[in-house]
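Only one structure is covered here, and it is reproduced in the block below.
Just so we're clear, the structure is a prediction, and the values are computed from it rather than from any experiment.
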Amino acid sequence: MPKTYRNPPIIEAVCEFRFELSGKPSEKQIATFYEKIKSSFPVSKKGKVGSIELKVESDKSSGKNQMTHKENFYDFDQYFSQDEKYSVQLDGGRVSIHRIKPYISWTDFSPLIKLVYNSYIKSFTPIKVIRIGLRYVNGINFPAEQFIFSDYFNVKFSFPSLVEKNQKSIFIGSVFEQEKGRDAIKVQLVEKQGTQVSERAFVLDFDYFLTTPFITSDKVEKWIEEAHNNLEEVFESVVSDKTRILFDK
């Protein structure tokens with residue numbers, strides 16, 4: 001059974017799907033999708049995404065380079081639970097399900113992931129799945145007084161001639177293969193800057209994703225469960241018993 005904490009450190013949990021579609025989704029397809037998830041996500045809003053395109057070209061008259069930039073904005077659909085702790089973002093061939101703090105449990109989150117996935121498949125009939133990602137971003141605060149990194153995290157690293165207790169900030173990251181190369185997990189541990197003097201604050205970020213696309217929906221649901229189990233195993237191996245105590249206060 002998944003480990004459940006009284007006060008889990010999760011800031012945000014996200015499951016994202018990216019699909020190859022045969023064409024641009026129609027308004028009718030989008031409306032059909034929303035009807036299928038509306039009972040769980042009754043609040044509809046529009047989000048906005050912006051991008052900047054930079055271009056450097058040579059001016060023949062002056063012989064100098066000139067830089068131009070163009071800003072592009074477009075809307076995407078967002079759907080929220082009544083309390084707006086759960087949300088869905090729909091942007092063409094990408095759909096994602098989000099849970100912000102306070103995170104309840106996997107048994108609460110998982111059915112909504114499957115609802116959104118199955119509703120998308122029925123509404124848009126994609127050609128194939130390109131990517132699936134399950135991500136958990138955790139925020140963990142510790143007392144700064146006599147803080148020793150190895151007391152709280154089971155992560156081994158060192159630098160010759162430098163003393164662990166003198167570390168002022170920590171940035172660690174790596175990507176590991178999972179399930180014989182079918183998947184991968186990116187792990188990042190970053191100490192937040194500008195926090196209170198009395199605290200050491202960390203963001204522990206796990207991003208588990210599919211590297212070998214497949215099509216059938218029965219495999220997708222199985223993958224989601226396997227991804228969560230693997231993520232949970234990695235999380236539990238990274239934090240120490242001293243850290244776990246903080247999650248049950």
Qualifying residue for side chain to side chain contact (heavy atoms under 4.5 Å, CB included) with Tyr86, from Val43, Asp108, Val116: Asp108
Test salt bridge (Lys or Arg N to Asp or Glu O under 4.0 Å) applied to Arg182 and Glu226, step by step: CA-CA 12 Å; Arg182 184 197 69 182; Glu226 290 177 347; 3.0 Å; yes
N-O pairing of Arg200 and Glu145 below 4.0 Å: no
Cationic N near anionic O, under 4.0 Å, Lys114 to Glu225: yes
hydrophobic_cluster_shared for Val187 and Val14, side chain cutoff 4.5 Å: no
Ring centroid separation Tyr136 to Tyr208 under 6.0 Å: no
Pairwise distance CD1(Ile132) to CZ(Phe17) - rounded to 0.5 angstrom: 5.5 Å
Hphob cluster co-occupancy, Val88 + Ile30, side-chain heavy atoms under 4.5 angstrom: yes
Common cluster, Val203/Tyr5, ILVMFWY with side-chain heavy-atom separation under 4.5 Å: no
Ile170 and Phe153, any side-chain heavy atoms less than 4.5 Å apart: no
Check against side-chain contact (heavy atoms from CB on, under 4.5 Å), Ser26 and Lys24: CA-CA 6 Å; Ser26 67; Lys24 184 178 179 181; over 6 Å; no
Test side-chain contact (heavy atoms from CB on, under 4.5 Å) applied to Phe209 and Thr211, step by step: CA-CA 6 Å; Phe209 54 94; Thr211 59; 3.8 Å; yes
Check: Ser40 side chain, Ile37 main-chain N or O, donor-acceptor pair, under 3.5 Å: no
Residues Phe80, Lys45; criterion side-chain contact (heavy atoms from CB on, under 4.5 Å); working and verdict: CA-CA 8 Å; Phe80 294 84; Lys45 298 182 181 182; 3.7 Å; yes
Side chain proximity check, Val238 to Val155, heavy atoms < 4.5 angstrom: yes
Backbone of Val137 reached by a side-chain donor or acceptor of Asp205 within 3.5 Å: no
Chi angles and distances behind the side-chain contact (heavy atoms from CB on, under 4.5 Å) call for Glu35, Lys38: CA-CA 5 Å; Glu35 280 301 314; Lys38 192 173 183 179; 4.0 Å; yes
Short side-chain to backbone donor-acceptor contact, Asp248 and Arg6, under 3.5 Å: yes
Which atom of Trp223 lies closest to which atom of Leu210, heavy atoms considered: CZ2-N, 3.5 Å
Donor-acceptor pair, side chain of Asn7 and main chain of Phe247, under 3.5 angstrom: no
Lys85 bridged to Glu12 by N-O distance under 4.0 Å: no
Near-ring test Phe19/Phe124, centroid separation under 6.0 angstrom: no
Centroid separation Phe149 to Phe142 less than 6.0 Å: no
Nearest heavy-atom neighbours spanning Ile140 and Pro9: CG1-CB, 3.9 Å
Which atom of Tyr120 lies closest to which atom of Gly92, heavy atoms considered: OH-O, 2.7 Å
Approximate separation, where rounding is to 0.5 Å, of Asp91 CG and Arg18 CZ: 10.0 Å
Any Phe33 side-chain heavy atom under 4.5 Å of Leu90 side chain: yes
Transitive ILVMFWY side-chain link Leu231 to Ile11, under 4.5 Å: no
Thr32 side chain to Ser123 backbone, donor-acceptor under 3.5 Å: no
Beyond-backbone contact of Arg99 with Ile104, side-chain heavy atoms, under 4.5 angstrom: yes
For the student: nearest non-hydrogen atoms of Ile121 and Pro126, plus distance: CD1-CG, 3.6 Å
Asn230-Glu179 side chain donor-acceptor pair, cut-off 3.5 Å: yes
Where Tyr103 and Ala13 come nearest, the two heavy atoms and their spacing: CE1-CB, 3.9 Å
Ring-ring centroid check Phe41 Tyr79, cutoff 6.0 Å: no
Ile97 vs Phe109 side-chain heavy atoms within contact, under 4.5 Å: yes
Centroid separation Tyr152 to Phe147 less than 6.0 Å: yes
Residue pair Glu221 / Asn118: nearest heavy atoms and the distance that separates them: OE2-ND2, 3.0 Å
Student check: side-chain heavy atoms of Phe171 and Leu189 closer than 4.5 Å: no
Backbone of Glu236 reached by a side-chain donor or acceptor of Arg244 within 3.5 Å: yes
Cation-pi, Phe206 ring and Lys186 (6.0 angstrom, 45 degrees): no
Check: Lys46 and Gln78 side chains under 4.5 Å, non-hydrogen atoms: no
Single-linkage hydrophobic cluster, 4.5 Å side-chain cutoff, Ile10 and Val190 together: no
Under 3.5 Å: donor-acceptor pair, side chain of Glu232, backbone of Asn229: no
Asp207 bridged to Arg131 by N-O distance under 4.0 Å: yes
